[in-house]
Amino acid sequence: GGYAPMSGTSMACAAVSGVAARLLSRHPAVRDLPPDLARSVAIRNLLNAQARSLGFTFQFEGSGLPG
């Protein structure tokens with residue numbers, strides 16, 4: 001019982017999925033694309049455009065904090 005620092009993709013997945021859902025609700029043109037590579041790239045671009053740097057290198061923060 002309690003809190004501890006954790007890291008990794010499994011920690012980020014839920015947060016980024018929520019941000020992606022919010023962005024897709026605002027961008028129906030992307031949301032309604034066929035489920036293919038072009039849609040995946042469009043979603044990634046939306047996420048990256050909203051991310052903000054925390055001042056760390058890419059190795060430590062990737063594209064940044066989801067917006």
Side-chain angles (χ1 to χ4, degrees):
Y3 298 95
M6 299 181 84
S7 66
T9 55
S10 61
M11 302 300 113
C13 185
V16 174
S17 295
V19 172
R22 187 184 75 210
L23 287 170
L24 289 173
S25 73
R26 295 183 197 162
H27 295 87
V30 174
R31 182 192 63 222
D32 296 340
L33 288 171
D36 59 12
L37 179 61
R39 182 177 186 229
S40 296
V41 169
I43 293 169
R44 184 191 65 206
N45 290 341
L46 283 174
L47 285 165
N48 286 340
Q50 295 295 314
R52 64 179 173 87
S53 174
L54 298 174
F56 298 103
T57 63
F58 184 82
Q59 175 186 2
F60 294 107
E61 73 174 20
S63 295
L65 183 68

Asker: How far apart are the closest heavy atoms of Leu23 and Leu46, and which atoms are they?
Answerer: CD1-O, 3.7 Å
Asker: Using a 3.5 Å distance criterion without hydrogens, assess whether the side chain of Arg52 forms a donor-acceptor pair with backbone atoms of Gly64.
Answerer: no
Asker: Can you confirm whether Met6 is buried at CE, in the sense that more than 12 heavy atoms of other residues, nucleotides or ligands lie under 6.0 Å from that atom?
Answerer: no
Asker: Ignoring hydrogens, what is the shortest heavy-atom contact between Leu33 and Arg39? Give both atom names and the distance.
Answerer: O-CD, 3.4 Å
Asker: Please enumerate all residues that pass side chain to side chain donor-acceptor pair (under 3.5 Å) together with Ser53, with sequence neighbours excluded.
Answerer: Glu61
Asker: Under a single-linkage definition using a 4.5 Å side-chain heavy-atom cutoff for Ile, Leu, Val, Met, Phe, Trp and Tyr, are Leu54 and Phe60 assigned to the same hydrophobic cluster?
Answerer: yes
Asker: Let me confirm one number: the CG-CG distance from Asp32 to Leu24, rounded to the nearest 0.5 Å.
Answerer: 9.5 Å
Asker: With distance as the sole test, does Asn48 use its side chain to make a donor-acceptor pair with the main-chain N or O of Ala51 at under 3.5 Å?
Answerer: no
